[in-house]
Amino acid sequence: MKEALSEADSPVPAPAEVVTVDPDDPPYESRPRASRGDDVPLLANVELARIFYEIGDMLELQGELPFKTAAYRRAADSIAHSPADVATAYRRKAPPALSGVGKAIADKLAELTDTGRLRFYERLRRDVPPSLVTLLAVPGLGPRTAGDLWRALGITSLDELEVAARAGRLRAVRGISERTENKIIDGLEQLRKRPPRRMRLGQASEILERLAILLGGVSGVRSVVPAGSYRRRRETVGDLDLLVETDRGRDLIEALHASAAVERVGGHGGRLGQLRTTVQLLRGPQLDVMTMPLGATGTYLVHFTGSADHNVRLRELARDRGWSLSEHGFTRLGEDGEALAGQGAERRTFATEEEVYDFLGLPFIAPELREDRGEIEAAREGRLPELVDISDLQGDCHTHSEWSDGSKPIDVWAEAARRRGYAYQVLTDHSHSLTIANGLDPGRVEQQRRIIGELNERFAREEAAGSLPDGAHPSGFRLLHGCEMEIRTDGRLDYDDALLARFDVVVASLHVGRRQPRKQLMERYFTALRSPHVDIIAHPSGRKIGIREDLDLDWDVFYRTAAETGTLLEINGSDERLDLDDRRIRAALEAGCRFTVDSDAHYMSEWDNVIWGIGLARRGWLEKRHVANTLPRDEFLALIADKPHRVA
DNA sequence: GCCGTTTTCGGCCCGACTGTTTTCAGTCG
């Protein structure tokens, strides 16, 4: 079940920081619960989830029943992915219905939010050394063996493990040979050398495209499909997965192994005409390649796209209908509930994913939704969203020219955007207080406006004369004058109202003073949200994945204020931002917010960031009507002009 | 520990690979 662990979205503080045990504090049992209450800090969903993941790990190390440990992890998944703020809801005595959370875990959640502590968890941490959990990161070392090593040799940390392994002491434990011992030493070295790092979507895409061209050229190959978390558009990608439809699997595997892109061949095997191999790419990630039989790719695509949790649900559904589901297809279950084996077994395979879902009585579920976050129920009840699509975008509301920190002159952007087929693009150079990005003072804003006006006049003349460039939008193109206005540390906006009123679109954001306390940050955002001129808040959380943490905000209040004032929230498609993230998009949607999906392009190559933005929007269950820049130009401008503009 | 238009008890997802072992358990995706 490392699978479930690695799927946890973002790192959270070490548990030691979450549950504080003060030696001078009277023991919990002696304090009446009511005396704690509101001064207990509320834990974020990821922090709560982390505790339950860890409980699952520790129980497993203790040798607890697998179903019990799995139950804790399922509950942790549910908490981590809940759009509601779980701790706040519990504090308000209105716990949300979370699948996998029954009485026992609900009680633990109540205790945690009420007192900031969990006695069960504290006891476990006394019984099972918390550092033992770190052993599970060693490739090939699972909870069973780690628990055995701890009980037999008292090993509780990576350092102790290494010392014992090098001294040849591990093989004293039953089930561990010299060979296994060496494998553990290898695993430890791998762990040191290559810390597990997930790739950004853009990096994954580049590698996958190259490989798809390589493999697509091998004879017998009919299609190459990237699968796994990349296809689901998770915000970062670990290993890469490629599915190849071919009847000449051996040729394919040989071609891959012979490629200069491959540093090391891990392993390969397969059966039922389906082959697979794992390779280490040169200066790159690990790649799994699986072949699919011609014309029967449906269950393979479903299986290797995942997520693990989604697949579990599908297999349960299959089971209910008397079938066992695997990547190879459906197999009829016998009287005893076991899949029938051998020649006589009834098997079903399908050419497409649509047919696989149909066989299970479900409509097609888009890859971005396959996380077991309610999509199965929604599919069953016919209320899956009609997801927004990249082809719905009519314009981009966040781009930079060389006037601030972008790369090209204004007219070059405008011409290229026109040929790209957009109906509009908003030029949003930085405002003057952001001097590091060469922000524009009011004088330069006026100059910019004149240039944009002249360009648009020329476009209008050309359209009237019927001379549109190749690829142009049928309704023509206009460059809209906007800005990315800094919300200053003292809470003031960077331009005055008179100047702001003259922009077509005002995007506000916050780059400096990120470490201010929550109250101050919220005040700054309130000023922008309540301004009649601010249309969009760009990259609201301010995070950079793996580099910079989120701003400390009261998110529920933020969403509510955005919805009330009709301020749009940006989904920034830059693959190092991806901000808002999918969980926040869903929460904001429930609060009644509306969105834009933007590239934040500084270079033209970054225009395609909207692909990741749309992926994220789809993971957040957004439909076309929720995304403002899917509107035709006139409607978009009317919406912007008329704030508030809430979703009906 | 969770969960139920076949159940409040008895189930709970699938297959491949690996290693240690003579028939299976642990790990992984």
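We use all heavy atoms of the structure for the numbers below, so side chains are in, but hydrogens, waters and symmetry mates are not. Below, read A as the first sequence line, B as the second, and so on, with proteins coming before strands; counting in each chain starts at 1.
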Base, sugar-phosphate, or nothing for [X], non-hydrogen atoms under 4.0 angstrom?
X	result
A:Arg179	sugar-phosphate
A:Leu314	nothing
A:Pro66	nothing

Among [options], find the nucleotide with the atom closest to the side chain of [X].
X	options	result
A:Ser326	B:dT27, B:dC2, B:dG15	B:dG15
A:His303	B:dG15, B:dG29, B:dG1	B:dG29
A:Glu316	B:dG29, B:dC13, B:dG1	B:dC13
A:Ile105	B:dC2, B:dC12, B:dG15	B:dC2
A:Val312	B:dC13, B:dG29, B:dG19	B:dC13
A:Arg319	B:dG29, B:dG1, B:dC14	B:dC14

| task | Examine the side chains of A:Tyr53 and A:Asp77 and answer whether a donor and an acceptor come within less than 3.5 Å of each other. | result |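 Distance-only check passes for A:Tyr53 and A:Asp77.
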| query | So, A:His328 and A:Thr299: side-chain donor and acceptor under 3.5 Å apart, yes or no? | reply |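 Looking only at side-chain atoms, A:Thr299 and A:His328 do not form any donor-acceptor pair under 3.5 Å.
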[X] [atom1] - [N] [atom2] separation (whole Å):
X	N	atom1	atom2	result
A:Tyr72	B:dC2	OH	C1'	11 Å
A:Lys183	B:dT27	NZ	P	10 Å
A:Asp309	B:dG29	CG	C1'	13 Å
A:Gln274	B:dC14	CD	P	18 Å
A:Leu317	B:dC12	CG	P	15 Å
A:Ile184	B:dT27	CD1	C1'	12 Å
A:Leu243	B:dG29	CG	C1'	13 Å

| field | Who pairs with B:dA25 - Watson-Crick or G-U, where each distance is under 3.5 Å | value |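 In the structure as shown, B:dA25 has B:dT18 as its Watson-Crick or wobble partner.
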| said: Is there aromatic stacking of A:Phe67 on B:dC2 here, judged by a ring-centre distance under 5.5 Å and a plane angle under 30°? | reply: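 Here the ring of A:Phe67 and the base of B:dC2 are not stacked, as the 5.5 Å and 30° limits are not both satisfied.
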| message | Using the rule salt bridge (charged side-chain N to carboxylate O under 4.0 Å, His left out), only one of A:Arg234, A:Arg200, A:Arg233 pairs with A:Asp575; which is it? | response |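 Testing each of A:Arg234, A:Arg200, A:Arg233 against A:Asp575, the sole residue satisfying salt bridge (charged side-chain N to carboxylate O under 4.0 Å, His left out) is A:Arg200.
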| task | Considering only atom C1', compute the distance from B:dC12 to B:dC17 and round it to an integer number of Å. | result |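 Nearest-Å result for B:dC12 against B:dC17 at atom C1': 24 Å.
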| Taking atom CG of A:Leu112 and atom CG of A:Asp107, what is their separation to the nearest 0.5 Å? |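 Interatomic distance, A:Leu112 CG to A:Asp107 CG, rounded to 0.5 Å: 11.5 Å.
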| Presence of A:Thr145 side-chain N/O under 4.0 Å of B:dG26 phosphate oxygens OP1/OP2 |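 No, A:Thr145 has no side-chain N/O under 4.0 Å of OP1/OP2 on B:dG26.
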| query | Is the phosphate of B:dC12, meaning OP1 or OP2, less than 4.0 Å from a side-chain N or O of A:Arg315? | reply |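 The answer is no; no side-chain N or O of A:Arg315 sits under 4.0 Å from OP1 or OP2.
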| Is a salt bridge present between A:Glu181 and A:Arg166, judged by a nitrogen-to-oxygen distance below 4.0 Å? |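 Not counted as a salt bridge, because no side-chain N and carboxylate O are separated by less than 4.0 Å.
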| query | Using the ring of each side chain (for Trp, its six-membered ring), is A:Phe120 parallel, tilted or perpendicular to A:Tyr72, with breaks at 30° and 60°? | reply |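 Because their plane-to-plane angle is under 30°, the rings of A:Phe120 and A:Tyr72 count as parallel.
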